[in-house]
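Below: the structure, in structure tokens.
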Amino acid sequence: MNPALLLIADSRLPAGGHAHSGGVERAVASGAVHDVPSLSRFLRGRLHTAGALAAALTSAAALQASCTPISPAPDTTEAGTRDVTEAPPATEGGAEGGDDRESPWVRLDDEVDARTAAPAQREASRTQGRLLLRVARRVWPSSVLDELARTVPDPHHPIALGVAAHAAGATPEEAALAAAYHAISGPATAAVRLLGLDPVAVHALLAAFTPDLTAVAAQAHFAATSAYPAPHLAPRWEALPAYSAPALDLLAEQHAQAEIRLFVS
Amino acid sequence: MPSPPTGPTGSIALPEPAGGDVRTGERAGRGTADGGLGRRRAMRAHAAVATSLSVDGRTVVGRLASAPPLTLRQTGPYTVHLVSTAAGPLGGDRLALDVDVAPRTTLELGSVASTLVLPGEGESEMLITARVGAGATLRFTPEPTVLAAGCRHRLIVRLALEPDASVLWREEIVFGRYGEEPGRCHARFDATCAGRPLIRQEFTVGDPALDTSPAVFGAARCVGTTFLTATAKEALVADGVAVLPLAASGTLVSALAGDAVELRSRLKWGEKAASVDGDDCVAYGGRTGGPGIQ
């Protein structure tokens with residue numbers, strides 16, 4: 001395993017992940033999650049739906065990054081330190097928009113959009129993606145991160161995670177593992193804070209999920225490589241998994257409309 | 001997808017891999033093999049419905065190809081109902097339905113009864129492929145699919161829209177008959193407009209470790225979605241139902257409920273909310289103002 005994966009998966013990476021509960025806060029408010037066993041059921045469901053989806057999309061993004069020919073960006077020397085907000089605006093049919101529309105990153109981002117029905121989840125994903133992209137460009141400067149920032153300034157989180165993992169030297173399967181872990185580690189620690197659960201008991205829960213994490217990452221990587229088996233073939237991202245979790249969609253929208261919130265999502 | 005050949009009875013034969021027993025037309029019954037020892041053969045059926053535009057601009061249901069158990073009956077000028085003429089699907093059955101709505105025509109497709117998916121040998125499959133032309137209207141509102149204990153089912157929907165198509169597509173899944181644990185079902189729904197993805201979704205019912213997760217179905221016994229081309233102005237949420245404006249365009253109404261009646265009322269609330277906010281009238285039964293299918 002590439003040690004950089006530890007940095008990417010670490011909750012202390014200053015990319016804003018701690019501000020999101022992945023639906024746990026609303027599930028706690030409704031009483032659906034109230035102790036360690038109910039948290040365990042929540043996390044298992046989240047891992048095998050939203051987590052498996054994020055893992056497949058992250059692996060796809062890492063694969064796309066590893067297959068993307070390096071094209072020199074206009075201002076590569078500056079790009080590493082430039083703030084993302086200064087990147088040119090996205091693809092709204094501007095003078096150079098016609099080209100970006102065909103960008104593999106726009107295509108992949110469209111596929112993430114289509115798999116994220118809830119607007120609140122799309123917003124949470126793009127917020128986390130934008131922050132991670134900004135951090136990753138400074139920590140692991142690379143032309144592929146610059147190209148992503150140029151064509152999709154606020155990418156969905158799995159895309160930012162996959163490309164960041166690639167820039168850090170991790171494989172697509174390792175990137176999928178980081179995505180799967182991210183899908184449950186944030187909600188688990190959020191539940192500790194919201195319910196005052198025993199943090200050791202919750203970490204034992206996470207430890208018990210490690211075989212599931214391995215399996216989810218392996219399946220995600222298999223799905224991504226099946227959709228994009230070789231660099232000279234056009235990726236068939238439409239064939240990627242599209243796992244949904246109806247309760248998570250409801251929780252996300254209920255949370256977005258709640259008046260009192262500790263977490264953003 | 002090329003049009004399958006049309007048989008003399010108006011039924012169509014789906015080219016199937018070896019071992020498939022292609023049954024079409026009125027003869028396609030629930031056969032038993034092995035000299036009536038009770039071991040049934042899996043059914044292969046491919047039905048189709050297509051509209052065309054008459055010279056005076058009205059919708060004509062130009063093609064109605066039944067293949068039992070998928071029997072289609074025209075019940076109105078542009079209304080067609082699926083009438084089940086055999087039990088099932090049962091495990092091993094592979095059913096396909098093609099829906100073609102020509103540009104500027106209208107089709108309402110419903111069913112007279114719910115579909116009860118039963119166990120059998122292997123996995124059953126229902127594949128629905130729908131193409132909706134520019135300016136056409138499709139309203140797809142069948143009765144729910146009920147997953148009987150022990151079933152293994154795949155439900156695949158591919159919906160390809162042209163620009164300005166107007167669609168309401170409802171899907172309801174009930175977890176088993178009353179008091180029954182559901183069998184397994186994997187459902188996948190893909191809708192594209194001019195090749196661009198609008199919504200892609202899949203879920204699995206019948207995995208005990210996941211079904212009751214507060215992140216997946218929680219305490220619900222039914223799950224349903226309605227896809228509309230109308231785009232709701234904003235996301236809405238009520239008890240067990242959310243109206244979700246999609247990123248590209250269109251709306252997904254997503255609902256969970258304790259029973260089929262509650263599910264239907266939650267979906268219809270969401271459909272109405274999405275259509276009132278949006279720019280679409282298909283939720284009210286099409287442009288001509290005729291009564292919709294419930």
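This one's a predicted model, so the numbers in the text were calculated from it and none came from an experiment. Heavy atoms only: backbone and side chains are in, while hydrogens, waters and symmetry mates are out. Quick note on labels: first sequence line is chain A, next is B, and so on, each numbered from 1.
Contacts with chain B were tallied for A/A247, A/A50, A/A32, A/P119; A/A247 has the most, counting heavy-atom pairs under 4.5 Å. Here B/L246 is the residue among B/L246, B/T251, B/D207 with the most heavy-atom pairs under 4.5 Å with chain A. Each of B/G218, B/P245, B/A238 has some count of heavy-atom pairs under 4.5 Å with chain A, and the biggest count is that of B/P245. Between chain B and the residues A/A256, A/A27, A/P241, A/G22, the most heavy-atom pairs under 4.5 angstrom are made by A/P241.
With a 4.5 angstrom heavy-atom cutoff, B/A209 touches chain A via backbone and side-chain atoms both. Heavy-atom distances place both the backbone and the side chain of B/I199 under 4.5 Å from chain A. In this structure, the portions of A/L248 lying under 4.5 Å from any heavy atom of chain B include both its backbone and its side chain. Only the backbone of B/L198 comes within contact range of chain A, judged by heavy atoms closer than 4.5 Å. Using a 4.5 Å cut-off between heavy atoms, A/L240 contacts chain B through its backbone alone, with no side-chain atom that close. Neither the backbone nor the side chain of A/P187 comes within less than 4.5 Å of any heavy atom in chain B. There is no contact between B/V243 and chain A, counting heavy-atom distances below 4.5 Å. For B/V223, the part lying under 4.5 angstrom from a heavy atom of chain A is the side chain only. Using a 4.5 Å cut-off between heavy atoms, A/S38 touches chain B through its backbone atoms (N, CA, C, O) alone. For A/A118, the parts lying under 4.5 angstrom from a heavy atom of chain B are both the backbone and the side chain.
With values rounded to the nearest 0.5 angstrom, B/L210 atom CG is found 7.5 Å from A/T49 atom OG1. A distance of 7.5 Å separates CG in B/L252 from CG in A/D249, rounded to the nearest 0.5 Å. The CG atom of B/D190 sits 7.0 Å away from atom CZ of A/R115, with the distance rounded to the nearest 0.5 Å. A distance of 7.0 Å separates CG in B/L236 from CD in A/Q257, rounded to the nearest 0.5 Å. Atom CZ of B/R196 sits about 11.5 Å away from atom CZ of A/R107, to the nearest 0.5 Å. Note that CZ of A/R44 and OG1 of B/T212 are 10.5 Å apart. Values are rounded to the nearest 0.5 Å.
Surrounding CZ of A/R261 are more than 12 heavy atoms belonging to other residues, nucleotides or ligands, all under 6.0 Å away. Enclosure of atom CG in B/D239 is not indicated, since only 12 or fewer non-hydrogen atoms of other residues, nucleotides or ligands lie within 6.0 angstrom.
Between B/V216 and A/P246, the closest heavy-atom pair is O-CD, 3.6 Å. Scanning both residues, B/P214 and A/V33, for their nearest heavy atoms gives CG-CG2, 4.2 Å. The two residues A/A117 and B/L244 make their nearest non-hydrogen contact at O-CB, 3.4 Å.
Side-chain atoms of A/S244 come within 3.5 Å of backbone atoms of B/E202 as a donor-acceptor pair (strictly under, hydrogens ignored). Here the side chain of A/E253 pairs no donor or acceptor atom with the backbone of B/A242 at under 3.5 angstrom.
Of residues 254-262 of chain B, those residues lying under 4.5 Å from chain A by any heavy-atom pair are B/S254, B/L256.
Between A/E238 and B/R200 no salt bridge is recorded (no basic side-chain N to carboxylate O distance below 4.0 Å).
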